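FYI, the numbering just counts along the sequence from 1. As the structure is a prediction and not an experimental result, all values here were calculated from the model.
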Amino acid sequence: MEREVIQSVGFRNIKNGDEVTGFQFKVRLPYYRGVFLSQLRPGTLFVDGERIEKDDITWVIRGEEFTNEQMRENYQINWDITTPATLKVKKQGGLAQGWHTLKYGFSFSSSYMPPMMQSDDALDPDKEFFIFMPEFGHHVNERTMLIV
């Protein structure tokens, strides 16, 4: 895996037959241990400045697909640090060939962090919190990548 949270490998359009229905990219967990899906707080994706809603993104962990709602209720599946997650994004026509800037954030809860750092405001991946540190489960990442 690459050092960056947003991985360049796996960035491509998704086809359903001859129709391009979206695109996908991979992210890695920048944490020293895994998290259960229920701990994740997925953020909003911006592609070239265009906002893509959370409901248009499906997470794939070890071959299983999960919506945001399904992840919120899943206390069984653990996302480990050695397995990147694939994010499938619904976008009719996908992305044009060329360079695209992706900005995406997610956060997660942690059992040993103080309650003030576990509030909805603190774990909102779309807002900066006054304690903005990746070690505490808040990650907003930006990367420019190429689709060919």
Side-chain angles (χ1 to χ4, degrees), residues 1-32 34-74 77-110 113 117-148:
M1 281 191 288
E2 300 166 331
R3 183 178 185 278
E4 291 85 358
V5 171
I6 298 174
Q7 306 285 289
S8 63
V9 174
F11 180 53
R12 65 176 181 260
N13 282 322
I14 300 170
K15 284 186 170 186
N16 186 1
D18 290 335
E19 182 183 7
V20 178
T21 58
F23 66 94
Q24 69 177 37
F25 66 101
K26 293 183 180 187
V27 294
R28 72 170 181 83
L29 180 62
Y31 189 47
Y32 73 96
V35 296
F36 289 99
L37 298 189
S38 60
Q39 293 175 263
L40 285 169
R41 305 296 183 271
T44 303
L45 172 65
F46 292 89
V47 179
D48 301 327
E50 177 188 349
R51 179 187 178 103
I52 297 180
E53 298 302 324
K54 298 173 189 179
D55 290 341
D56 290 330
I57 301 170
T58 302
W59 283 60
V60 182
I61 309 281
R62 289 191 301 278
E64 286 188 67
E65 292 192 14
F66 301 94
T67 64
N68 289 333
E69 282 300 315
Q70 290 170 325
M71 287 195 309
R72 190 179 345 269
E73 299 169 3
N74 192 310
I77 305 293
N78 188 276
W79 180 26
D80 64 79
I81 62 171
T82 61
T83 304
T86 300
L87 278 65
K88 291 184 174 182
V89 181
K90 294 178 194 170
K91 181 173 174 47
Q92 197 59 39
L95 297 175
Q97 282 188 330
W99 293 97
H100 297 279
T101 300
L102 277 65
K103 183 176 182 179
Y104 186 69
F106 59 89
S107 58
F108 50 86
S109 62
S110 181
M113 299 310 290
M117 296 173 69
Q118 303 288 319
S119 71
D120 287 341
D121 283 339
L123 290 178
D124 184 341
D126 295 331
K127 292 193 286 185
E128 288 194 28
F129 188 57
F130 73 95
I131 303 173
F132 179 73
M133 300 178 83
E135 307 81 66
F136 297 149
H138 190 259
H139 303 275
V140 176
N141 308 275
E142 190 168 327
R143 189 161 188 195
T144 300
M145 298 189 301
L146 180 65
I147 281 196
V148 292

Considering only distance and modelled atom types, tabulate donor-acceptor pairs under 3.5 Å from the side chains of residues 2-11, sequence neighbours left out.
unit_1	atom_1	unit_2	atom_2	d
Glu2	OE1	Ser8	N	2.7
Glu2	OE1	Ser8	OG	3.4
Glu2	OE1	Arg143	NH1	2.8
Glu2	OE2	Ser8	OG	2.5
Gln7	OE1	Glu2	N	2.8
Gln7	NE2	Glu2	O	3.2
Gln7	NE2	Glu4	O	2.5

Using atom types as modelled, flag every donor-acceptor pair under 3.5 Å from a side chain in residues 12-19 to any protein atom, sequence neighbours excluded.
unit_1	atom_1	unit_2	atom_2	d
Asn13	OD1	Leu95	N	2.8
Asn13	ND2	Leu95	O	2.9
Glu19	OE2	Gln92	NE2	2.5

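A search for side chain to side chain contact (heavy atoms under 4.5 Å, CB included) contacts involving Glu69 returns Thr67, Arg72, Glu73, not counting sequence neighbours. With sequence neighbours excluded, the residues that form a side-chain hydrogen bond (donor to acceptor under 3.5 Å, both in side chains) with Glu53 are Arg51.
In this structure, OH on Tyr104 lies 5.0 Å from CG on Leu87, to the nearest 0.5 angstrom. Within the model, atoms NE2 of His100 and CZ of Phe25 stand 13.0 Å from one another, a figure rounded to the nearest 0.5 Å.
Two residues are said to be in side-chain contact when any heavy atoms from C-beta on lie closer than 4.5 Å; Trp59 and Trp79 meet this criterion. The closest side-chain heavy-atom distance from Ile77 to Arg62 is below 4.5 Å.
The nearest pair of heavy atoms linking Gly34 to Leu29 is CA-CD2, 3.9 Å.
For the salt bridge (charged side-chain N to carboxylate O under 4.0 Å, His left out) condition, the pairs that include at least one residue of residues 91-104, sequence neighbours left out, are Glu50-Lys91. Within the structure, side-chain hydrogen bond (donor to acceptor under 3.5 Å, both in side chains) contacts touching residues 81-90 (residues at least two apart or in different chains) are Glu65-Lys88, Asp80-Thr82, Asp80-Thr83.
Not a single donor-acceptor pair under 3.5 Å links the side chain of Asn74 to the backbone N or O of Ser38. Using modelled atom types, one side-chain atom of Asn68 and one backbone atom of Lys54 make a donor-acceptor pair closer than 3.5 Å.
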